[in-house]
Amino acid sequence: MTDTSRKTDNKSNTQADDGPGPIQVLRHAREQLTELTGLTAESVSSFERTEDGWELEVEVLELARVPDTMSLLATYAVTLEPGGDLTGYRRVRRYERGRADPRQSG
């Protein structure tokens with residue numbers, strides 16, 4: 001085996017050991033949260049890879065209303081292990097779809 005082929009093999013092994021990429025993690029997290037809560041996960045508003053896995057904020061439809069701008073949404077903080085399996089979640093905010101956050105100075 002040449003040096004070039006060894007480097008290629010090592011690179012492939014390292015990528016495989018890193019676990020799933022962000023897109024797979026985000027999709028799987030939404031599916032898991034939906035299954036656990038019975039609520040519709042609409043979007044992921046933030047995500048970050050950490051030493052312990054992943055941390056996400058997921059926007060969830062908690063109560064559909066008419067008109068849709070009056071529907072209640074919530075932000076859930078979600079933690080996942082490095083492989084993408086959900087290890088915990090908690091609601092951190094609840095709001096009407098049509099409402100913006102108050103502007104904060106600073």
* To do: Would you check, one step at a time, whether the test side-chain contact (heavy atoms from CB on, under 4.5 Å) holds for S71 with L61?
  => CA-CA 7 Å; S71 293; L61 176 63; 3.8 Å; yes
* Asked: Could you walk me through whether E57 and R93 pass the side-chain contact (heavy atoms from CB on, under 4.5 Å) check?
  -> CA-CA 10 Å; E57 286 191 351; R93 180 174 161 244; over 6 Å; no
* Asked: After noting the C-alpha distance and the side-chain angles of L56 and L26, does the key distance pass the side-chain contact (heavy atoms from CB on, under 4.5 Å) rule?
  -> CA-CA 8 Å; L56 292 79; L26 298 179; 3.3 Å; yes
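Taking the side chain as every heavy atom from C-beta outward, E42 and V60 never approach each other to under 4.5 Å. Under the 4.5 Å side-chain criterion, counting only non-hydrogen atoms from C-beta, Y89 is in contact with L36.
Between E62 and R91 there is a salt bridge, since a side-chain N of the basic residue sits under 4.0 Å from a carboxylate O of the acidic one.
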Name the atoms and distances for all side-chain donor-acceptor pairs under 3.5 Å in residues 78-88, with sequence neighbours left out.
from : atom 1 : to  : atom 2 : distance (Å)
T79  : OG1    : T87 : OG1    : 3.0
T79  : OG1    : G88 : N      : 3.4
T79  : OG1    : G88 : O      : 3.4
E81  : OE1    : G83 : N      : 3.1
E81  : OE2    : G83 : N      : 3.3
E81  : OE2    : G84 : N      : 3.3
E81  : OE2    : D85 : N      : 3.1
D85  : OD1    : H28 : NE2    : 3.3
T87  : OG1    : T79 : O      : 3.2

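Shown here for P22 and F47, the closest heavy-atom pair between the two residues is CB-CE1, 3.8 Å. In this structure, V25 and P20 approach most closely via the heavy-atom pair CG2-CG, 3.8 Å. Closest approach of S45 to E59, counting heavy atoms only: OG-OE2, 2.8 Å.
L73 is not connected to Y76 by any chain of hydrophobic side-chain contacts under 4.5 Å among Ile, Leu, Val, Met, Phe, Trp and Tyr, and they are in different clusters.
Sorted by first and then second residue, the salt bridge (charged side-chain N to carboxylate O under 4.0 Å, His left out) pairs involving residues 67-76 (not counting sequence neighbours) are D68-R97.
Between L63 atom CG and R94 atom CZ the span is 6.5 Å, to the nearest 0.5 Å. The distance from the CG atom of L33 to the OG1 atom of T40 is 10.5 Å, given to the nearest 0.5 Å.
For the 3.5 Å distance criterion, the side chains of T50 and E55 fail to qualify, holding no donor opposite an acceptor.
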